[in-house]
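Contents: one structure, followed by commentary.
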Amino acid sequence: MGTEGYTYMGRSLSELRINDDSSSSAFSDCNSDRSGEFATASSQTRRFLIACATENSDDLIRQLVADLHSSSIDDQKQAAMEIRLLAKNKPENRIKIAKAGAIKPLISLISSPDLQLQEYGVTAILNLSLCDENKEVIASSGAIKPLVRALNSGTATAKENAACALLRLSQVEENKAAIGRSGAIPLLVSLLESGGFRAKKDASTALYSLCTVKENKIRAVKAGIMKVLVELMADFESNMVDKSAYVVSVLVAVPEARVALVEEGGVPVLVEIVEVGTQRQKEIAVVILLQVCEDSVTYRTMVAREGAIPPLVALSQSGTNRAKQKAEKLIELLRQPRSGNGAARSTSEVVA
């Protein structure tokens with residue numbers, strides 16, 4: 001059956017446009033509608049029917065949840081795929097699906113050796129996690145470890161969506177440490193380093209959220225995150241300068257991260273950002289440099305020798321209000337005497 005001219009509930013298929021334009025939100029593209037699972041005309045019609053399901057979705061949801069328990073992998077795939085779509089396009093369905101008992105069987109699918117079934121399970125859980133009411137239930141039902149395994153060995157889409165799902169779960173404060181202990185941090189660092197742009201974006205934002213917890217900061221530094229972040233900040237064509245810098249700003253609260261930032265060549269990169277970056281980039285770069293310099297005369301000397309003072313003076317006159325304040329404070333620090341009671345501490349002393 002063709003899709004042109006097809007009507008449902010008084011609406012033609014051509015009138016219904018499912019919005020896949022995710023450019024307006026940093027994370028609204030955390031779904032897999034572009035994965036190609038609706039390639040045929042009959043499948044497109046099925047997609048249309050699902051997208052239209054609103055008040056009358058209860059019976060469909062109950063049937064789909066029952067199909068998740070099927071002994072047929074094909075039935076499980078179809079059910080997970082359709083649950084994912086229902087949860088994506090109709091926010092009110094996310095609670096209905098969770099209350100119908102879909103979460104635990106979907107988590108079981110994430111551990112499937114069938115990579116496509118795993119991907120569908122991950123993406124369905126991701127879309128359910130967009131609802132705040134579902135986040136605690138998803139985590140308490142045991143989703144974190146399977147999502148971390150998908151992050152390690154799933155398809156490219158499964159990895160991206162697992163990173164996004166972990167980001168959503170990390171928005172519940174008590175989940176952050178549990179996600180870190182489950183081994184997610186090194187895998188997210190790896191995705192940040194080697195993934196495509198969407199993967200880098202999702203990984204960086206998940207890391208930003210997770211690394212508000214001190215133990216996760218240490219895990220990230222041990223996983224080599226600073227080398228990756230410095231490289232991304234140095235690449236103005238990467239479209240990752242801002243996101244990488246924000247992750248750095250969270251990490252440098254611990255001395256291990258400040259040491260790693262300096263050792264990986266972060267100081268000249270940050271000074272360059274203060275000089276030639278956008279207003280937002282300049283602001284976050286000066287915030288980082290101030291954090292690095294506040295307790296170390298050694299680092300102040302290093303920053304001054306990189307020629308930071310002239311661009312800082314310019315920023316203090318023309319930046320955002322916050323950037324102006326931070327630049328003025330950093331200039332004052334850099335102009336202080338570099339001997340006497342403020343004796344420089346070595347890298348090893350900072351770590352100790």
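The figures that follow rest on heavy atoms only: side chains count, while hydrogens, waters and symmetry mates do not. Index from 1, following the sequence. What you are looking at is a predicted structure, and each value in this text was computed from that prediction instead of being measured.
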Kindly say whether [Y] contributes a backbone atom to a donor-acceptor pair with the side chain of [X] at under 3.5 angstrom?
X	Y	result
K282	V276	no
R258	V252	yes
R300	C293	yes
K135	L169	no
T205	K201	yes
D114	I73	no
T212	S209	yes
S112	S108	no
D202	A163	no
R94	K88	yes

Is there a side-chain contact (heavy atoms from CB on, under 4.5 Å) between E294 and K329? Walk through the geometry before answering. CA-CA 10 Å; E294 278 181 322; K329 187 173 180 180; 3.4 Å; yes
Residue pair [X] / [Y], side-chain heavy-atom distance below 4.5 Å:
X	Y	answer
V303	L333	no
K159	V122	no
F197	M240	yes
L109	L68	yes
R335	I309	yes
N93	K96	yes
V259	Y299	yes

Taking atom [atom1] of [X] and atom [atom2] of [Y], what is their separation to the nearest 0.5 Å?
X	Y	atom1	atom2	answer
K326	S316	NZ	OG	14.5 Å
L167	L210	CG	CG	8.0 Å
E133	L128	CD	CG	12.5 Å
K90	I61	NZ	CD1	12.0 Å
I288	L330	CD1	CG	12.0 Å
I218	I185	CD1	CD1	11.5 Å

Can you name the nearest heavy-atom pair linking [X] to [Y], along with the distance?
X	Y	result
Q291	A253	NE2-N, 4.4 Å
L151	A162	N-CB, 4.1 Å
V148	S182	CG1-O, 3.3 Å
L232	S238	O-OG, 3.4 Å
V247	S204	CG2-O, 3.4 Å
V254	K214	CG1-CG, 4.0 Å

Show your working on side-chain contact (heavy atoms from CB on, under 4.5 Å) between L115 and Q118 and close with a plain yes or no. CA-CA 5 Å; L115 292 180; Q118 179 193 71; 3.9 Å; yes
Could you walk me through whether L106 and I103 pass side-chain contact (heavy atoms from CB on, under 4.5 Å), step by step? CA-CA 5 Å; L106 284 170; I103 288 175; 5.7 Å; no
Distance-only donor-acceptor check, side chains [X] and [Y], under 3.5 Å:
X	Y	result
N152	R149	no
R198	N161	yes
Q325	N321	no

So that I can tick it off, tell me whether R219 and E215 are bridged by a salt bridge, with the cut-off set at under 4.0 angstrom between side-chain N and carboxylate O.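 Looking at E215 and R219, the cut-off is met.
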side-chain contact (heavy atoms from CB on, under 4.5 Å), that's the test. Do L270 and E306 meet it? Break it down for me. CA-CA 10 Å; L270 289 165; E306 286 294 334; over 6 Å; no
Quick check on side-chain hydrogen bond (donor to acceptor under 3.5 Å, both in side chains): which of E119, Q116, E82 does K77 satisfy it with?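 So the option named by the test is Q116.
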